[in-house]
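For the numbers below, each heavy atom of this structure counts, side chains included, while hydrogens, waters and symmetry mates do not. As the structure is a prediction and not an experimental result, all values here were calculated from the model. Residue numbering restarts at 1 for every chain, and letters A, B, ... go by the order of the sequence lines.
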Amino acid sequence: MLLLFSFTLSLSIGSSMIPITEVWSVLLGKGDEVSTAIVINVRLPRIILAILVGSALAVAGAGFQGVLRNPLADPYILGVSSGASFGAAFVILFGLQSALFGMYSIPIVAFLTGVLTLLLVIKIAMTSGQMKKETLILSGVVVQAFLGSFISLMVSMSGKAINEIVFWMMGSLTMRGWEYPKIMAPYLFIGIVILLSQGRALNLFTLGERQALHLGVNVERTKMVVLVTSTLLTASAVSVSGVIGFVGLVVPHLIRMVVGPDYRLIIPLSVFGGSIYVLWADTIARMALMPKEIPLGVVTSLLGAPFFAYLLKKGKKGVKL
Amino acid sequence: MIVAKELCKRYGSRDILMNINLSVQRGEVLGVIGPNGCGKSTLMKLLSGAEKPTKGTVEINGKFIKSYKQRELAQTLAVLPQEAIPEIGFTVREIIEMGRYPFQNWLGEETKNTFQEESIVDQTIEILALKHIVNQTIENISGGERQRVALGKVMAQDPTVLMLDEPTTYLDIGHQLQMMEAVKRWQQDKELTVVVILHDLNIASMYCDRLVLMQDGKIQTIGEPAEVIKEETIASVYDTEPIVIDHPRRTVSPQIILDPQ
């Protein structure tokens, strides 16, 4: 309900205001030409992309938090964002934006480098067929720091490309058209279904890995499935939108504060929470300083941090959305 | 029934367990005792399938443990670990229901007998006198209650083989006995095969049919409590010289009185 409301409201807000009733008639195929053009071709794809990116990041965050049982876990904790940024910065620095895979060069390279980073992190953390969560987090930090230094190096070497790199890394959903949401939606759907199916196992993980094992969970396999799925979701989100911070960290925590520790609820609700969060952040990003746009990553953190701090202070009880 | 043959476990270049042979009959309670670092916990990890032995085999109910699927094993064997249940925000009832996991499909429905779940979870809550706190979260109950909830979770698992790793640690003497009595009643009721690690030799002597005394990764002595709890044996393993007396009201449970020099 809240998502549907946000969805229509966000469609109506923009450099030219369109009344909500008009938005509905457009969506039902009965609007006038100008409104239809704005809503269907400009706003709708962007809003749908915001929803997809938001849900991907939030649900991936829930997955990482479930497996790593670390309150600081977010979709970027294992270095996926650094890997993707590295790829994107490389492409931009050497002007390869359309050289490799046409208009999809940046997203494809960013996706691949993001996934490769996870493989590297897992390789470092794996000892005799097992991954300890502490080792995993630390190897994520190490790889992140290593790639981070390359990114800084590339940023410092780039003359006029510097703006483009930095803006990419701050995240944005500008000018994406219909292609991106269409590509992303099926993968997102599959990823969410896989994570949903692991909800019960993740509940047992809260008892500790050994207890989960004795209750019949295939611990190493579950860990791998959840980590890889969450990483693929994150990498796909980052590759189309850049690094949007805070969503994957905060949304699952907010949901947990409201509904409790059950991952069978946290995972699906994170999908909605993340959608709404990024949808509104993006609406603000394009509206607040019109006609200039604020990078989306800036808005999500700027709004999210104080809100989260307030909730932490207020305590777990009595929080209702 | 549990049979372990020539079990060895080595971490790096350190031998933790060397050539352990033992068997536990159906309906028997085997206590594992020994000083810190003697390999008790490692033995339990091997017997419960949490770790693989470097050498040797473990059979549970006539089948090699390595040929069980994780879920299948959990339907037969339950483990009550030493660590208390962490503060995870679930209610007492939700935690006990987790014990049903190996019997449920991915939607959380019982695969074998649908109405069995309700009754076994309810029965457990009843038996362990947890009814008044079923909807409390684990954070809000006492240490003794938490340990009963942990026991409730393994009871809901309805195993035939039970392993307990120091179930009475951190409990006062009243709660220690309450815990052991609850385990014993359940064990006798269902004829469970039990392996239990205990630090308290007096409790071990009273509740176990046989004891394994371990030292430096090997079995020092195995036998009935009266054969194991002897002054000279205890003195040589624990490096202290206690007094062993007969229990004033029981015939087969020698008791230890500490007597530091």
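Within the 4.5 angstrom heavy-atom criterion, atoms from both the backbone and the side chain of A/Arg200 approach chain B. Of the atoms belonging to B/Lys153, it is side-chain heavy atoms, and not backbone ones, that fall under 4.5 Å from chain A.
Ranked by heavy-atom pairs under 4.5 Å with chain A, the list B/Met163, B/Arg71, B/Glu83 is led by B/Arg71. The candidate from B/Thr91, B/Ile138, B/Leu73, B/Ile88 with the greatest count of non-hydrogen atom pairs under 4.5 Å with chain A is B/Ile88. Residue with the most contacts toward chain B among A/Val219, A/Asp262, A/Asn218: A/Asp262 (heavy-atom pairs, distance under 4.5 Å).
Applying the 6.0 Å contact sphere to CZ of B/Phe90 captures more than 12 heavy atoms from other residues, nucleotides or ligands.
At a cut-off of 3.5 Å, with distance as the only test, a side-chain donor of B/Thr137 or B/Asn140 sits close to an acceptor on the other residue.
Here the rule is side chain to side chain contact (heavy atoms under 4.5 Å, CB included) with A/Leu49, and of A/Val278, A/Leu279, A/Val240 only A/Val240 fits it.
Cation-pi check for B/Arg100 over B/Phe103 is met; the charged atom lies under 6.0 angstrom from the ring centroid and within 45 degrees of its normal.
Residues B/Leu77 and B/Ser48 have side chains in contact (heavy-atom distance under 4.5 Å, counting atoms from C-beta outward).
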